[in-house]
Amino acid sequence: MKLRAISGMQRCVTLLCCCLAITQLSMLAVADTVETQSLLTKALEGVSGARMMADVGLLSGPEFNGRQTGTADDLRSSLFITERFSSFALPASGPGFHPAAFRPTTVTHRVTTTHIGEEALLELHFDLHSVTLQIGTHYLPILDSPSVRVVAPVVFVGYGISDPARSFDEYEGIDVRNRVVLFLRGKPEGYPLRVSHAAKVRVAREQGATAFLTMTGPVRSAYETRRGIPAGPLAYYGSTGADARGPLPGAWISTVMGTTVLASRGHSLRAVQEELNRTLIPRSMETDVVARLSWDSEKSSGILHNAYGLLPGSDPTVQEETVLVGAHRDHFGRQAGVLFPGADDNASGTAVLLEVARAFALTGVKPRRSILFASFSGEEQGLLGSELYISRPQRPLNKTVAMVNVDHVGVGNKRLTVGIAGLPRAVAVEAGQVAGLSDKLDLYGFFPGGDHVPFKKAGVPTITIVSAGSHPHFHQPSDTADTTQPEILEAVARYVLTLTWHLANRS
């Protein structure tokens, strides 16, 4: 009886100790949550629109000359990012400050760069008059177009699609040999397949065209409306479907100029596009316009630079997992004598990347998972930098819990467009609530373009953030720092910070 009583007492003591231990652990967990939330609040309060505007102004200014991939400007911009990442690892004074172990690095890759000469010319000759198109306003050469000396009639081929199997062949019954074909961006609303620009150019080459013109139609698709695609000519690397004879030369013209070309035969471009969308019956036609395209382009070999900053995780159980926050910093450089500053696209995203990295580093937070901040180059030339990352990852792809992509976030209607793939929508919603932006989010599924695409293909969940509304200077020389809005940058930075914080620390 006595022995049994002692044993029972021991069990009571043991149970009491366990209860006390559990209580202490619970209290520690609550304290940790309170401390973490306090640090997040501190980080959010430190976000500065003015500081990001200064970075946008610097990156889109003359020092970096448009940041074309594979040029000395690419190198200078990567050094700027790496030096900024390095500054986040330096000790700082202040009570309770614990500097983060921020590790910068750079990865390089050889690429081909194309430069369009300053004497570029595009003329349209009508029956009784001629128009010399103004570069940047009326047209832009496709930036990987070869040198060209072409004078030829213009033939309109709708969206430039040849699909006899689906009874939609816009080249049927019309001769485009030794002609300049003109086609619309995108595809008809009812056409079931995605059609790339490169595929359209390849078909034009196969049909015997000597050059091409493309344009955004007056009737916008839902995607074009959401992205705020403007009516002006867009700077673009075409990846122009080269064959043994080389790529096909071409240019992007404004909607106004395309409308003028069809009006030469008494047709309304809007009415033709609306009918194409409604009926899927080709409306290809000859025009009474002759185009003259003339410019020189030079290809050279260069080095692409991706810059990374790593904030290592602190939890041994999940520190091998990674949240990757990425933004491309490249743009088009100086083409045909015109500078493309690239303030919104994507000095804005780069400024947000730096601001979020700064917030994590300087608050002294130690995230459970590692966070990798990635400044990609080569996005405009076909996602070269992000494709390079997938082939040579800094962190294991199978342990990358999310890739957060930030791209052209400097202008718009002060709402945020968020594209989610492979993660619960609740993750995006919760981040918006904590950042005080829950009524400013427009949530969608996967976006078809951007540096997140290679990650999605590799099986990594992605979230893409774009400032919603019109981006009237998209891919144009007018994309300057004075068109960006600090309050939008600040909202995006707060959202990306909160989202990354949640992904890096959630259970």
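Applying the side-chain hydrogen bond (donor to acceptor under 3.5 Å, both in side chains) test between Ser377 and each of Asn306, Thr69, Asp330 identifies Thr69 as the sole match. Each of Phe85, Phe373, Tyr389 was checked for a ring-ring contact (aromatic ring centres under 6.0 Å, His included) with Tyr308, and the lone residue meeting it is Tyr389.
Atom CD of Gln134 sits about 11.0 Å away from atom CE of Met257, to the nearest 0.5 Å. To the nearest 0.5 angstrom, Ser254 atom OG is 7.0 Å from Leu133 atom CG. Glu379 contributes atom CD, which lies 11.5 Å from atom CG of Leu304 (distance to the nearest 0.5 angstrom). Asp74 contributes atom CG, which lies 9.5 Å from atom CD1 of Ile303 (distance to the nearest 0.5 angstrom). Of the inter-residue distances, the one linking Arg84 atom CZ with Leu353 atom CG reads 10.5 Å to the nearest 0.5 angstrom. Here the straight-line distance linking atom CZ of Arg205 with atom CG of Leu248 works out to 5.0 Å at 0.5 Å rounding.
A donor-acceptor pair under 3.5 Å is formed between the side chain of Asp479 and the backbone N or O of Asp344. For the pair Arg149 (side chain) and Trp295 (backbone), a donor-acceptor distance under 3.5 Å is present. Between the side chain of Gln68 and the main chain of Gly333, no donor-acceptor pair closer than 3.5 Å is present. Under a 3.5 Å cut-off, the side chain of Thr498 and the backbone N or O of Arg494 do form a donor-acceptor pair. Side-chain atoms of Thr484 come within 3.5 Å of backbone atoms of Ala481 as a donor-acceptor pair (strictly under, hydrogens ignored). Remark: side-chain polar atoms of Ser147 are not paired, donor with acceptor, to backbone N or O of Asp296 under 3.5 angstrom. Arg270 contributes a side-chain N or O that, together with a main-chain N or O of Pro218, makes up a donor-acceptor pair within less than 3.5 Å. A donor-acceptor pair is defined here as one N or O able to donate and one able to accept, closer than 3.5 Å; such a pair exists between the side chain of Ser467 and the backbone of Val411.
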Derivation and outcome, side chain to side chain contact (heavy atoms under 4.5 Å, CB included), residues Arg179 and Val154: CA-CA 6 Å; Arg179 302 291 193 267; Val154 177; over 6 Å; no

Test salt bridge (charged side-chain N to carboxylate O under 4.0 Å, His left out) on Arg76 and Glu63 and set out the steps. CA-CA 9 Å; Arg76 278 195 296 273; Glu63 179 178 351; 6.0 Å; no

Begin from the C-alpha positions of Asp442 and Arg415 and carry the test salt bridge (charged side-chain N to carboxylate O under 4.0 Å, His left out) through to its verdict. CA-CA 7 Å; Asp442 298 318; Arg415 300 184 64 81; 2.9 Å; yes

Dump the intermediate steps for side chain to side chain donor-acceptor pair (under 3.5 Å) on Glu380 and Tyr236, then the final yes or no. CA-CA 7 Å; Glu380 303 292 6; Tyr236 189 71; over 6 Å; no

With side chain to side chain donor-acceptor pair (under 3.5 Å) as the criterion, how do Arg110 and Ser301 come out once you've worked through the C-alpha distance, each side chain's angles and the decisive distance to 0.1 Å? CA-CA 7 Å; Arg110 187 165 293 278; Ser301 179; 2.9 Å; yes

Ser264 vs Asp288, test: side chain to side chain donor-acceptor pair (under 3.5 Å). Steps then yes/no. CA-CA 6 Å; Ser264 70; Asp288 290 333; 5.0 Å; no

For a side chain to side chain donor-acceptor pair (under 3.5 Å) check, start with the C-alpha distance between Ser130 and His125, then their side-chain angles and the critical distance, and finish with the verdict. CA-CA 4 Å; Ser130 299; His125 297 269; 2.7 Å; yes

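Side-chain contact, Arg265 with Thr287: no donor N or O sits under 3.5 Å from an acceptor N or O. There is a side-chain donor-acceptor pair under 3.5 Å between Thr322 and Arg395. Looking only at atom types and distance, the side chain of Asp345 has no donor-acceptor partner in the side chain of His471 under 3.5 Å away. Checking Gln273 against Tyr159 by side-chain atom types alone, a donor-acceptor pair falls below 3.5 Å.
The nearest pair of heavy atoms linking Ala458 to Leu397 is CB-CD1, 4.3 Å. Heavy-atom minimum distance, Gly432 versus Tyr495: N-CE1, 3.4 Å. The minimum heavy-atom distance linking Gln476 with Phe340 is given by the pair C-CD2, 3.8 Å. What you find for Val56 and Ser348 is that their closest heavy atoms are CG2-CA, 3.8 Å. Nearest heavy atom pair, residue Ser78 against residue Ala307, reads O-CB, 4.1 Å. Scanning all heavy atoms of the two residues, the minimum distance from Ser77 to Arg329 falls at OG-NE, 2.8 Å.
Two rings, from Phe455 and His452, have their centers 6.0 Å or more apart. Taking the six-membered ring wherever Trp is involved, the centroid distance between the rings of His267 and Phe156 does not fall below 6.0 Å.
In this structure, Val429 and Leu441 have side chains that are not in contact, with every pair of non-hydrogen atoms separated by 4.5 Å or more. Contact annotation: the side chain of Ile135 never approaches that of Gln335 to less than 4.5 Å [non-hydrogen atoms, C-beta and beyond]. Taking 4.5 Å as the limit, every side-chain heavy atom of Thr462 sits out of range of all side-chain heavy atoms of Asn405. Side chains of Val406 and Val409 form a contact here, defined as non-hydrogen atoms less than 4.5 Å apart. Under the 4.5 Å side-chain criterion, counting only non-hydrogen atoms from C-beta, Val325 is not in contact with Met403. Side-chain contact between Ser284 and Glu172 is absent, with no heavy atoms from C-beta onward closer than 4.5 Å. Using a 4.5 Å heavy-atom cutoff, the side chains of Asn346 and Phe376 are not in contact. No side-chain heavy atom of Leu416 sits under 4.5 Å from any side-chain heavy atom of Val466.
A salt bridge links Glu487 and Lys414; the closest N-O separation between the charged side-chain nitrogens and carboxylate oxygens is under 4.0 Å.
Environment of CG in Asn178: sparse, with no more than 12 heavy atoms of neighbouring residues, nucleotides or ligands closer than 6.0 Å. Counting non-hydrogen atoms of neighbouring residues, nucleotides and ligands closer than 6.0 angstrom, the NZ atom of Lys299 exceeds 12 such neighbours. Atom CD of Glu286 is surrounded by 12 or fewer heavy atoms from other residues, nucleotides or ligands within 6.0 Å.
The aromatic rings of His331 and His475 sit perpendicular, their planes meeting at an angle over 60°, well past the 30° parallel limit. Ring pair Tyr444/Phe447 is tilted by interplanar angle, where 30° to 60° counts as tilted.
Identified under the ring-ring contact (aromatic ring centres under 6.0 Å, His included) test for residues 54-80, with sequence neighbours left out: Phe64-Phe80.
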List the atom pairs, with distances to 0.1 Å, where a side-chain N or O of residues 183-190 and a protein N or O form a donor-acceptor pair under 3.5 Å, not counting sequence neighbours.
{"unit_1": "Arg185", "atom_1": "NH1", "unit_2": "Glu224", "atom_2": "OE2", "d": "2.9"}
{"unit_1": "Lys187", "atom_1": "NZ", "unit_2": "Tyr191", "atom_2": "O", "d": "2.6"}

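With sequence neighbours excluded, the residues forming a salt bridge (Lys or Arg N to Asp or Glu O under 4.0 Å) with Glu123 are Arg292, listed by chain and number.
Geometric assessment of Lys200 against the ring of Phe212 yields a negative cation-pi assignment under the 6.0 Å and 45° thresholds.
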